[in-house]
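Everything on this sheet refers to the single structure shown next.
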Amino acid sequence: MSMMRRMKRCCLLVIYNILLIPTLLSQNHYENEMDCFITDLMERMTLREKLGQLNLPSGGDLVTGSVMNGELSDMIRKQEIGGFFNVKGIQKISALQHLAVEESRLKIPLLVGADVIHGYETIFPIPLALSCSWDTLAVERMARISAIEASADGINWTFSPMVDICRDARWGRIAEGSGEDPYLGSLMAKAYVRGYQGNNMQGNDEILACVKHFALYGASESGRDYNVVDMSRLRMYNEYLAPYKAAVDAGVGSVMSSFNIVDGIPATANKWLLTDLLRDEWGFGGLLVTDYNSIAEMSSHGVAPLKEASIRALQAGTDMDMVSCGFLNTLEESLKEGKVTEEQINAACRRVLEAKYKLGLFSDPYKYCDTLRTRERLYTAEHRSSARTIATETFVLLKNDHHLLPLDIKGKIALIGPMADARNNMCGMWSMTCTPSRHGTLLEGIRSAAGDKAEILYAKGSNIYYAAETEKAATGIRPLECGDNRQLLDEALRIAARADVIVAALGECAEMSGESVSRTNLEIPDAQQDLLKALVKTGKPVVLLLFTGRPLVLNWEATNVHSILNVWFGGSETGDAVADVLFGKVAPSGKLTTTFPRSVGQLPLFYNHLNTGRPDPDNRIFNRYASNYLDESNEPLYPFGYGLSYTDFVYSDLQISSETLPKNGELTVSVTVTNKGNYDGYETVQLYLRDIYAEIARPLKELKGFERIFLKSGESRDINFVITENDLKFYNSGLEYIYEPGEFDVMVGSNSRDVQTKRFKVE
């Protein structure tokens, strides 16, 4: 470096530090004020009141329909709870907050939590669908609107985002996350945190985010909820931990530990996980809360009964006990017995109080109790418009033979299927805070879009399942009206016979994905399969609108149905959003963030896997003594990153600026993308890397960059990706974050399978 460049750099650093000093001083002043305030408060608290701050019971409102006023109110007056959750409605929440502030000894305000997962009153697509937009700004906008609405109704803490990496579609909670990739998952995690917390939670429409479930919950064995997780530290660091760390780096205010075990120890009581990794290695200083009753569930794990479990959870670094009341009811005795220390209790209590301080609750306990905001900010036209637009970005076009879609608005269109007129099933799981009666159905949205230009015929066509008991289990708390299977099918065929084209609205219902709904059969349910086959047999063009919260096995559908549009669960504006895409007002642009298998037997299945010593040389046939299946290909039905459009995007030959990436240097990867079709649309250009040889085996490819671009028909754009050493880094066998010199492949394409490849060397 020249002397002039050194002087210039030093001057810039001096200027930067001078500009930074006021910010640092302000931050230090804020932290000192907070520390003094909380120290003074804690010196006046009894042990019971401190333990009360660690207690987080459920209000019960969202489950039972009424708040447990007597018990909850009495605990609030005695300062035996630090907060509550599952209560909806500004009047109820405000009354409870007034109890805490006006009828307790120390007037400590309450945290008020809720599972605001993909919207509050205005419901957006489920998180898995949101990730398929590959649009972090849209996800941040969703979280911002969710925070605005939840805070207007008294909520100041959301148990979101869920950032668990999942590669097994049997797990129902795959619907709540951002798919299988740690890079994309990390970007989505940051977007959620920014949206919820806004400007450091200073405004009354910014709330505390809670990243969950820490950690590894999405890797539960056999895809069964609450099940065992067991993996190496190497795999944790390289494949699963990145989104959690990204949320911490983004400043998330709270973390929720997971139900599963890690290294044989329940996460709730795992000191390495909660203290050594989360707090010491990553520097997380916020609030750490358990999942629902997980301290008590350590008894079922065979680890410890409630009293001992509470000791272990506190010692591991847990601050707040959700539901089990173990901290409140056992730690006082454990303290007398010398099994926990007052310092450990104080540390946990301080972090709960700090969360409240950062939310501004001590300066204004009623910050989130403004009834005027409740009337003005819930389910607004602006929010609904955003939900409709974002929903269209999440739909994934899986097949479109002969350009059947978009449909012309003309003639007779038959809309058939149990999801066609299912008002209370459009929003999917974790949407208990909305009012489905205000939402439009798919049928209403399509009829509104068609107007008088086309006749929209309708038939339900089938139940979800044939078996009544299975139907009841599947529909859960959002039941669909059941009819006679034979009569439903006959009616559907009569309607289909009159139509020019058939649109089949099939798949899962809302309660078939999410928490506690693992599945071993991932095909469309039996009654609906038979309906679809009967519709295809008519010989008329068939469009499948697929409702689902997870990847499904669609082998028959992919072969026999003309067009498949995966609409997931699109939220409160599903009907209008689907119509926008179905009739071509918007071209579909979603790209899969989770691999669709050909068979459940392939699971877990994911694109960024390691190779074996005997990779399959040809997936079209069975090859003995290779790593494959006797009865199925290794290849997925639809790969990660896959998604079609109504238009045709053509990629030019891939170019790299150099065949060598020098140490501390950079390399530019370039491709020109041209929209050669007849529709304007978005394309997500994806970049993948592969480390050819390393100390440890490395994945066949890893997503390291993408750009979502809009091209008008006939338009071209040059896309450039810059690769640096940071893009090549991984955790080696010593868990050092490094890169190794050598050969790398760079791949660019429209999905993880269809890529162009160039090789370069790294010094």
Glu297 vs His301, side-chain hydrogen bond (donor to acceptor under 3.5 Å, both in side chains): CA-CA, chis, key distance, verdict: CA-CA 7 Å; Glu297 290 176 10; His301 278 289; 5.6 Å; no

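For residues 122-141, every residue pair satisfying the ring pair (Phe, Tyr, Trp, His ring centres under 6.0 Å) rule, not counting sequence neighbours, is listed here: Trp134-Phe640, Trp134-Phe706.
Within the 4.5 Å cutoff, no side-chain heavy atoms of Phe327 are placed close to those of Ile345.
Note that Lys212 lies in the cation-pi zone of Trp430, set by a 6.0 Å cut-off to the ring centre and a 45° limit from the axis.
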Return all side-chain donor-acceptor pairs below 3.5 angstrom for residues 288-296, not counting sequence neighbours, or 'none' if the list is empty.
unit_1: Thr290; atom_1: OG1; unit_2: Met322; atom_2: N; d: 2.9
unit_1: Ser294; atom_1: OG; unit_2: Thr268; atom_2: OG1; d: 3.1
unit_1: Ser294; atom_1: OG; unit_2: Asp291; atom_2: O; d: 3.3

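One finds no salt bridge joining Asp276 and Arg233 here, because no Lys/Arg side-chain nitrogen approaches an Asp/Glu carboxylate oxygen to under 4.0 Å.
The backbone N or O of Glu121 lies less than 3.5 Å from a partner atom in the side chain of Glu149, making a donor-acceptor pair. In this structure, the side chain of Asn55 engages the main chain of Glu80 through a donor-acceptor pair within 3.5 Å. Asn270 places a side-chain N or O within 3.5 Å of a backbone atom of Leu273 that can act as its donor or acceptor partner.
Side chain to side chain, Arg350 and Thr39 meet the donor-acceptor criterion of an N or O pair below 3.5 Å.
Separating the CG atom in Leu378 from the CZ atom in Arg373 is a distance of 8.5 Å, to the nearest 0.5 Å. Distance CE/Met201 to CD1/Ile207: 10.0 Å, rounded to 0.5 Å.
For Tyr217 and Trp171, the ring centers sit closer than 6.0 Å to each other.
Ring orientation note: the planes of His98 and Tyr366 are close to parallel, at an angle under 30° on the 30°/60° scale.
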